[in-house]
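Report on the following structure.
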There are 2 protein chains.
Amino acid sequence: MKEGPDIALIGSLIGDPARANMLTALMGGRALTPTELAAHAGITLQTASSHLAKLEAGGLLTQRKQGRHRYYALSEDEVGLMLESIMGFAASHGLTRHQPGPKDPALRKARVCYNHLAGDYGVRMLDSLVAARQIVLTGEDLALTDAGRARVEALGIDYAALKKSRRPICRTCLDWSERRSHLAGSLGEAFLTLFIDKGWANREQNSRAIRFTDTGEKAFSELFPQ
Amino acid sequence: MKEGPDIALIGSLIGDPARANMLTALMGGRALTPTELAAHAGITLQTASSHLAKLEAGGLLTQRKQGRHRYYALSEDEVGLMLESIMGFAASHGLTRHQPGPKDPALRKARVCYNHLAGDYGVRMLDSLVAARQIVLTGEDLALTDAGRARVEALGIDYAALKKSRRPICRTCLDWSERRSHLAGSLGEAFLTLFIDKGWANREQNSRAIRFTDTGEKAFSELFPQ
DNA sequence: CGAATGCTTCGACTAAGATCGAAGTATGAA
DNA sequence: TTCATACTTCGATCTTAGTCGAAGCATTCG
């Protein structure tokens with residue numbers, strides 16, 4: 001009868017507070033167990049289990065069994081992008097669940113957006129790459145230039161491996177705190193992994209915040225001048 | 001207690017089937033009355049009225065009184081972008097409400113995405129503008145080049161007026177049928193208005209589909225070669 | 001082999017909210 | 001003024017689904 005995709009199903013999955021809390025926790029990028037997710041949502045394990053089954057059936061989550069643990073994670077990049085776009089709208093209307101506290105500035109400075117860097121630092125990184133003509137817009141969203149590719153490989157990122165996968169290498173993702181775009185896609189993920197592997201940045205426990213070390217700050221500023 | 005924006009509230013607003021149907025109808029770009037929206041959703045006027053009040057309180061809709069009619073519309077571009085991103089996810093998981101019928105190809109070819117052109121034609125238009133270097137990526141998403149500006153003004157679009165408003169002129173919007181970006185923002189809206197004013201294209205009644213006339217097809221192909 | 005941990009399933013309770021009939025308000029037309 | 005249209009508010013009903021206790025699998029460890 002109606003035309004177009006069914007958004008009500010997805011909306012109702014996101015619309016329950018317990019499920020929304022779990023999804024927000026999973027935006028931190030780590031795979032989490034039902035027990036951990038139940039704690040995040042403030043509900044019992046039984047209830048969490050039923051929610052997780054629904055989220056998985058709806059295609060938002062995937063699970064991986066490992067011993068007697070089950071690890072849940074967001075199923076695709078698209079899920080992260082979709083959630084971030086909803087967060088963007090919610091934030092712009094003052095719909096926040098937290099009283100602005102000490103954690104807030106840290107989140108705005110640098111945080112994980114599922115698997116890549118977001119916040120002020122994420123936006124600065126993309127700006128800098130574009131200013132240096134290492135990334136440009138093509139028909140299919142963003143693309144690495146030859147210069148960009150050389151730069152990326154010099155940093156030790158395996159470009160060939162990214163190329164092989166069917167995932168888009170570069171994507172834009174709308175930042176809810178900055179209200180501008182930052183870099184997502186497999187390259188975005190590779191950059192964040194690089195920063196952490198090099199010891200330039202650390203993920204905070206139970207938070208989406210990313211804390212840069214002093215050397216990390218310096219390296220980041222040199223790599224991505226403003 | 002939790003950090004980050006409250007996505008549950010927005011999700012629950014979108015999550016009710018009746019409200020989702022109304023929002024989808026409003027993605028057609030026309031402002032609609034409660035009576036019309038009730039018909040789209042298949043509910044009585046009383047129920048629709050209560051839903052519309054909630055959507056307005058949540059910031060998704062605005063209303064404009066005109067005589068004894070009330071016209072509801074999506075409140076901002078952001079709402080359209082958010083809904084389209086959810087539709088993108090839903091469509092990629094086969095969550096469609098319609099049995100693929102004769103209307104479907106028309107929608108994929110060209111349709112309204114709130115206030116701008118989407119579908120194959122929307123994507124082709126952005127591709128062509130980028131290939132001709134009339135639009136490029138800057139730090140802040142897309143931007144018109146000088147060449148692009150001249151082109152736009154030659155077509156009769158009032159660039160100065162677009163510039164004055166606080167709305168972004170160019171924006172990307174992820175297309176759910178093509179799964180690539182097309183042009184949103186005030187320029188995207190201006191282009192669609194132009195096509196309709198020139199008689200190149202018409203909006204179908206009660207549908208998001210856009211039908212190009214023969215002269216419209218020809219003009220479009222010349223303006224935006226592949 | 002128990003015993004313990006991690007998780008799911010079942011069943012019953014409860015509360016939130018979607019729905020509509022009926023009545024009330026506002027605008028416009030005759 | 002009177003009637004009609006468009007919409008909102010109120011109140012009652014009823015379904016849906018979120019919740020947790022209890023019990024049941026599965027896996028690991030001693």
Side-chain angles (χ1 to χ4, degrees), chain A residues 1-2 6-26 30-73 95 97 206, chain B residues 1-2 6-26 30-58 60-73 75 95 97 206:
Chain A
M1 156 191 185
K2 293 295 167 202
D6 183 8
I7 57 175
L9 217 151
I10 309 296
S12 68
L13 285 174
I14 302 172
D16 177 78
R19 285 194 291 259
N21 283 334
M22 297 197 222
L23 289 170
T24 304
L26 289 170
R30 294 182 208 269
L32 299 172
T33 64
T35 308
E36 292 170 314
L37 289 165
H40 269 99
I43 51 178
T44 61
L45 182 56
Q46 306 94 286
T47 308
S49 176
S50 123
H51 283 309
L52 290 168
K54 286 173 191 173
L55 288 169
E56 194 184 5
L60 296 177
L61 301 185
T62 50
Q63 71 166 296
R64 196 174 72 228
K65 288 180 78 166
Q66 217 166 82
R68 55 181 161 182
H69 293 278
R70 300 202 177 189
Y71 288 95
Y72 280 92
L95 301 175
R97 300 172 305 168
N206 289 329
Chain B
M1 155 190 184
K2 295 293 167 205
D6 183 7
I7 57 174
L9 217 151
I10 308 295
S12 68
L13 284 174
I14 302 172
D16 177 78
R19 285 193 292 260
N21 284 335
M22 297 198 222
L23 289 170
T24 305
L26 289 170
R30 293 182 208 268
L32 300 173
T33 65
T35 307
E36 292 169 316
L37 289 165
H40 269 101
I43 53 179
T44 61
L45 182 58
Q46 307 93 287
T47 309
S49 175
S50 122
H51 284 309
L52 290 168
K54 286 173 192 172
L55 288 170
E56 192 183 7
L60 296 177
L61 301 185
T62 49
Q63 70 164 296
R64 196 176 71 230
K65 289 181 75 166
Q66 219 167 80
R68 54 181 163 182
H69 293 278
R70 300 204 178 189
Y71 287 95
Y72 280 91
S75 61
L95 300 175
R97 300 172 303 168
N206 289 329

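In what follows, every heavy atom counts, from backbone to side chain, and hydrogens, waters and symmetry copies are set aside. Just so we're on the same page: letters track the sequence lines, and every chain starts at 1.
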message = Is there a side-chain contact between L37(A) and L26(A) in this structure, where contact means two heavy atoms from C-beta onward sitting under 4.5 Å apart?
response = yes
Q) Just checking Y71(B): base, sugar-phosphate only, or nothing, at a heavy-atom cut-off of under 4.0 Å? A) nothing
In terms of heavy-atom contacts, A18(A) and I43(A) come closest through CB-CD1, 3.9 Å
Rounded to whole Å, CE of M22(A) lies from P of dC7(C) at a distance of 12 Å
*Examine distances only and state if a side-chain atom of R19(B) and a backbone atom of A8(A) form a donor-acceptor pair shorter than 3.5 Å.*
no
Sorted by number, residues from residues 44-53 of chain B placing a heavy atom under 4.0 Å from DNA chain C are T44(B), Q46(B), T47(B), H51(B)
Rounded to the nearest 0.5 angstrom, the CG-OG1 distance for L45(A) and T35(A) is 5.0 Å
When rounded to whole Å, the CG to P distance for the pair D16(B) and dA16(C) reads 17 Å
L32(B) atom CG is separated from dA6(D) atom P, nearest whole Å, by 15 Å
Got Q46(A) and S50(A) here, is their nearest side-chain heavy-atom distance under 4.5 Å?
no
Taken to the nearest whole Å, CD/E36(B) to P/dT5(D) is 17 Å
On DNA chain D, more 5' by nearest nucleotide between A18(A) and Y72(B) is Y72(B)
query = Are any non-hydrogen side-chain atoms of Y71(A) and T33(A) less than 4.5 angstrom apart?
reply = yes
Atom CG of L37(B) and atom C1' of dA6(D) are separated, to the nearest Å, by 13 Å
Counting only side-chain N and O atoms of R70(A), is one of them less than 4.0 Å from OP1 or OP2 of dT8(C)?
-> yes
Rounding to 0.5 Å, atoms CG (L52(B)) and CD (Q63(B)) come to a distance of 8.5 Å
OG (S49(B)) and CZ (R70(B)) are apart, to the nearest 0.5 Å, by 8.0 Å
Contact string for nucleotides 25-30 of chain C, one letter per nucleotide 5' to 3', B = base within protein heavy-atom range under 4.0 Å, S = sugar-phosphate only, - = neither, reads --BS--
Rounded to whole Å, the CG-P distance (L55(A) to dT8(C)) equals 12 Å
Whole-Å distance, E56(B) CD to dT9(D) C1', equals 16 Å
d(I14(B) CD1, L13(A) CG) to nearest 0.5 Å is 12.0 Å
Atom CG of N21(B) and atom P of dA18(C) are separated, to the nearest Å, by 14 Å
